[in-house]
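Please read through the structure below; I'll follow up with questions.
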Amino acid sequence: MTFQVTQKRDAARIGMLTTRHGALTTPFFMPDATRASVRGLTNAQLRSVGVVPMVVNTYHLLLQPGMDLVRGAGGIHNFMQWDGPLLSDSGGYQVYSLIHKNAALGKITEDGAVFKSVLDGRTHVLTPEKAIRIQFDLGVDMMVMLDDPRPNDATRTVFEDAVERTIRWAQRCKDEYDRHVAARDMDEASRPLLFGVVQGGPFADLRARCAHALHAIGCDGYGFGGRHVDMDGRLMEEIITHTAASITPDAPRFALGIGTPSDIVRCHAVGWDLFDCVIPTREGRHGRLFVYTHTDHAQMHSAPDDFYHTINIANAQYRQDFSPIDPTCTCYACTNHTRAYIQHLFRVGEPLGAQLAALHNLRFFVRLMEMLQHLSIEPRHNT
RNA sequence: GCGACUAUAGUUCAGCGGUUAGAACAUCGGUUUGUGGUACCGAGGAUCUGGGUUCGAUUCCCAGUAGUCGCC
């Protein structure tokens, strides 16, 4: 096993996850490089703000550029020229999301996810076996089993079906994974880490059932699947807490798609270790910037909504604001440019604005994780 | 100086003798949670001036003013 918890405080923990492309201190955050790039940013820029691991997506890369090309490039690391750890998402959530928005685009069957390519209309079938094979072809350090997410407002019966199917698919994923490890002559150090995904919607017993079944199958890590926010966009903290508790403390816990900075703080507090989210990059592109109001570790946990705020850089109040986005930030945008200038870039539609905004937000998230990585050794502030 | 054409939102344009005059862009604000997203949602904002015809004029007529083009 390549995960070691080094410090604990209550359910929160700090650990070390070893991958083929280096060791990572947990908790950590992975930006989404869905199509083998973090939109608009160069590798050098990503490194400059402290990004190390990233997430790529099986679904998107399968469609474009296709696996023949990735294999020809010598794997996804070589293709992207990124030497940090890479995790690939299985594509299950993307197909679910696609179908949920437009049922005509595909369907989920017992065999796998059937969908039409948005590029050429051809039909693809993403089976558990294929999802694993693709991720081996990508050559990532961490891979995710194909799962069966459902919308939050589905009935208990629907979630029961989703859990059972996710478990059946997990076994197929594991069998396929074992075949590849054997066929490729991989050992404990060279094999990628395999993450199962715990489904079950808002039902704690279904989450526990799913987690226990995945443990029996055997994964390196376990993820929280499905949507983790309620209909009002609020984090479903109780179910996230229960789900973490139903996963062995010996394995890394991956909170897929989480989240806002306050969501990440809350999830880490209840035992989650890995995070990925589009928020810093997408919201940055749309002009929302994250700013620390203070960086007191104790207050981060006691008031997880109050240690930062966001600004919409396009708002009129920043037109003549010649201060940096965040005076405590060391990113290129904050050390070289003013809010007024970045607003100007947004107003004239200059892509550099979105680029600087995403860069800053990523620095904010990396800093957040750096703070959480020291949280447990800070003196406890009892109230 | 003469003639033609034009005059509606900040801008470029629709429109109609009769509810609340539309759009795009711009402005102001919001949304975004395992990225079909240079995306999406909402708000504020206008009939050049003065007469006339008419039950009723932003619309039709006249004059003025302004602009564009053309001609001397």
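In this text the structure is predicted, and so the values were computed from the model without any measurement. Only this structure's heavy atoms are used, side chains among them; waters, hydrogens and symmetry mates stay out. Proteins come first, then strands; the chains are lettered A, B, ... in the order of their sequence lines, and each starts at number 1.
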Rounded to the nearest angstrom, tell me the gap between atom CD in Glu283(A) and atom P in rC40(B).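 Those two atoms, CD and P, are 17 Å apart.
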Which part of the nucleic acid, if any, lies within contact of Asp89(A), taking any heavy atom under 4.0 Å across all strands shown: a base, the sugar-phosphate backbone alone, or nothing?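 Since a base atom lies under 4.0 Å of Asp89(A), the category is base.
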Taking any heavy-atom pair under 4.0 Å as a contact, classify Gln135(A): base, sugar-phosphate, or nothing.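 No contact at all - Gln135(A) keeps every heavy atom at 4.0 Å or more from the nucleic acid.
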Going by purine N1 to pyrimidine N3 plus the second Watson-Crick contact, or the G-U wobble pair, all under 3.5 Å, which nucleotide sits opposite rA7(B)?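 Paired with rA7(B), as far as the under-3.5 Å criterion goes, is rU65(B).
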Check every strand shown and say whether Gly92(A) touches a base, only sugar-phosphate, or nothing at a heavy-atom separation below 4.0 Å.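 Here Gly92(A) touches no strand at all.
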Between Asp175(A) and Arg172(A), does at least one N-O distance fall below 4.0 Å, as a salt bridge requires?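 Salt bridge flag = no for Arg172(A) with Asp175(A).
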Can you tell which of rU33(B), rG36(B), rG37(B) lies closest to the side chain of Arg35(A)?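 Among rU33(B), rG36(B), rG37(B), the one nearest the side chain of Arg35(A) is rG37(B).
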When rounded to the nearest Å, what value does the distance between C1' atoms of rU59(B) and rU54(B) take?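 It works out to 13 Å between them.
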Considering only the C1' atoms, how many Å lie between rU8(B) and rG67(B), rounded to the nearest integer?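 To the nearest whole Å, 15 Å.
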Do we see His286(A) stacking on the base of rG37(B), given a limit of 5.5 Å between centres and 30° between planes?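 A stacking contact does not exist, since His286(A) is not both close and nearly parallel to the base ring of rG37(B).
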Would Arg156(A) pass as a cation-pi partner of Phe203(A), given that its NZ or CZ must be under 6.0 Å from the six-membered ring centre and within 45 degrees of the axis?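 Flagged: Arg156(A) positioned over aromatic ring of Phe203(A).
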Looking only at side-chain N and O atoms, does Arg285(A) come under 4.0 Å of OP1 or OP2 in rG37(B)?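 False: Arg285(A) side-chain N/O out of range (4.0 Å or more) of rG37(B) OP1/OP2.
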Is Asp147(A) touching bases, backbone alone, or none of the nucleic acid, heavy atoms closer than 4.0 Å?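 If one applies the 4.0 Å heavy-atom cut-off, Asp147(A) turns out to touch a base.
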Glu164(A) and Arg209(A) ion-paired at < 4.0 Å: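 Yes, Glu164(A) and Arg209(A) are salt-bridged.
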Identified pairing partner of rC40(B), criterion: Watson-Crick or G-U wobble below 3.5 Å: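 Pairing partner: rG30(B).
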Most 5' of Gly287(A) and Gly349(A) on RNA chain B, judged by nearest nucleotide: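 Looking at the nearest nucleotide for each, Gly287(A) comes out on the 5' side.
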Under a 3.5 Å cut-off for both contacts, is rU20(B) paired Watson-Crick or G-U wobble with anything, and if yes, with which nucleotide?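 Across all strands, not a single nucleotide pairs with rU20(B).
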Selected nucleotide, minimal atom distance to Ile279(A) side chain, candidates rG34(B), rC28(B), rU33(B):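 Looking only at heavy atoms from C-beta outward on Ile279(A), the closest nucleotide is rU33(B).
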With the threshold set at 4.0 Å, does a side-chain nitrogen-carboxylate oxygen contact exist between Arg319(A) and Asp321(A)?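 Asp321(A) and Arg319(A): not salt-bridged.
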Atom-pair distance (CG on Leu256(A); C1' on rU33(B)), nearest Å: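 From Leu256(A) CG to rU33(B) C1': 11 Å.
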Mind checking if His60(A) touches a base, just sugar-phosphate, or nothing, with heavy atoms under 4.0 Å?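 If one applies the 4.0 Å heavy-atom cut-off, His60(A) turns out to touch the sugar-phosphate alone, with no base involved.
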rU38(B) P sits how many Å from Leu352(A) CG, rounded?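 After rounding, the gap between these two atoms is 17 Å.
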Can you tell me how far C1' of rU31(B) sits from CG of Asp232(A), to the nearest Å?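 About 14 Å, once rounded to whole Å.
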P spacing across the pair rG44(B) / rG22(B), given as an integer number of angstrom: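 12 Å, rounded to whole Å.
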How would you label the contact of Val144(A) with the nucleic acid (heavy atoms, under 4.0 Å): base, sugar-phosphate, or nothing?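 Contact class for Val144(A): base.
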How many angstroms lie between atom CH2 of Trp169(A) and atom CD of Glu110(A), to the nearest 0.5 angstrom?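 Separation between the atoms: 7.0 Å.
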Separation of atom CZ in Phe29(A) from atom P in rG34(B), rounded to whole Å: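 Rounded to the whole Å, the gap is 9 Å.
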Using the C1' atom in both, what is the distance from rA9(B) to rG51(B), to the nearest Å?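 Their C1' atoms lie roughly 27 Å apart.
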Considering only side-chain heavy atoms of Asp276(A), which listed nucleotide, rC28(B), rU32(B), rG34(B), is closest?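 My answer, after comparing the listed nucleotides, is rG34(B).
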Could you give the NE2-to-P distance, from His100(A) to rU33(B), as a whole number of Å?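 Going from His100(A) (NE2) to rU33(B) (P), I get 12 Å.
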Pair assignment for rC2(B), Watson-Crick or G-U wobble, requiring both distances under 3.5 Å: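 Checking every strand shown, rC2(B) finds its partner in rG70(B), with both distances under 3.5 Å.
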Same-atom distance (C1') from rA46(B) to rC13(B), integer angstrom: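 To the nearest whole Å, 13 Å.
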Under 4.0 angstrom, heavy atoms only, what part of the nucleic acid is Leu235(A) near: base, sugar-phosphate, or nothing?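 Nothing: the residue Leu235(A), judged by heavy atoms under 4.0 Å, touches no strand.
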Distance check, P atoms only: rU31(B) and rU20(B), in whole angstrom units.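 rU31(B) and rU20(B) have their P atoms separated by 35 Å.
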For nucleotides rG34(B) and rG15(B), find the distance between their C1' atoms and express it as a whole number of Å.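 Rounded to whole Å, the distance is 49 Å.
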Among His374(A), Gln7(A), Arg9(A), Lys8(A), the one residue meeting side chain to side chain contact (heavy atoms under 4.5 Å, CB included) with Ile14(A):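 With Ile14(A) as partner, His374(A), Gln7(A), Arg9(A), Lys8(A) yield a single side chain to side chain contact (heavy atoms under 4.5 Å, CB included), made by Gln7(A).
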Measure up the Phe365(A) and Phe29(A) rings against each other and bin them: parallel (under 30°), tilted (30 to 60°), perpendicular (over 60°).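 Rings of Phe365(A) and Phe29(A): tilted, as their planes differ by 30° to 60°.
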Looking at rC28(B), I'd like to know if its phosphate oxygens (OP1 or OP2) sit under 4.0 Å from a side-chain N or O belonging to Asn312(A).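 No, no such contact exists.
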How is Ala354(A) classified with respect to the nucleic acid when contacts are heavy atoms under 4.0 Å: base, sugar-phosphate, or nothing?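 Nothing, no nucleic acid heavy atom in range.
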Choose from rG34(B), rU33(B), rG36(B) the nucleotide whose nearest atom is closest to any side-chain atom of Thr260(A).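 Looking only at heavy atoms from C-beta outward on Thr260(A), the closest nucleotide is rU33(B).
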Any Lys/Arg nitrogen of Asp147(A) or Arg165(A) sitting under 4.0 Å from an Asp/Glu carboxylate oxygen of the other?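 Arg165(A) and Asp147(A): not salt-bridged.
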Contact under 4.0 Å: Arg282(A) side-chain N or O vs rG36(B) OP1/OP2: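 For rG36(B), OP1/OP2 do not have a side-chain N/O of Arg282(A) under 4.0 Å.
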How would you label the contact of Gly226(A) with the nucleic acid (heavy atoms, under 4.0 Å): base, sugar-phosphate, or nothing?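 Base contact.
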Check whether Phe224(A) forms a cation-pi arrangement with Arg207(A) (NZ or CZ under 6.0 Å from the six-membered ring centre, at most 45° off the ring normal).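 Pair Arg207(A)/Phe224(A) counts as cation-pi.
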Looking only at the side chain of Val229(A) (C-beta and beyond, no hydrogens), which of the listed nucleotides rG34(B), rU32(B), rU33(B) gets closest?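 Out of rG34(B), rU32(B), rU33(B), the nucleotide with an atom closest to Val229(A)'s side chain is rU33(B).
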Check this one for me: any side-chain N or O of Arg39(A) less than 4.0 Å away from OP1 or OP2 of rG37(B)?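 For rG37(B), OP1/OP2 do have a side-chain N/O of Arg39(A) under 4.0 Å.
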Mind checking the C1' distance from rU49(B) to rC40(B)? Whole angstroms is fine.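 Straight-line distance between the two C1' atoms is 43 Å.
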So what does Arg319(A) hit on the nucleic acid, given a heavy-atom distance under 4.0 Å: a base, only sugar-phosphate, or nothing?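 It contacts sugar-phosphate atoms only.
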rU54(B) pairs with which nucleotide, Watson-Crick or G-U wobble, both distances below 3.5 Å?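 By the stated definition (distances under 3.5 Å), nothing pairs with rU54(B).
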Length of the CG-C1' vector between Asp32(A) and rG37(B), whole Å: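 The distance from CG of Asp32(A) to C1' of rG37(B) comes to 13 Å, rounded to the nearest Å.
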Using whole Å, what does the distance between atom P of nucleotide rG30(B) and atom CG of Leu289(A) come to?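 After rounding, the reported distance stands at 13 Å.
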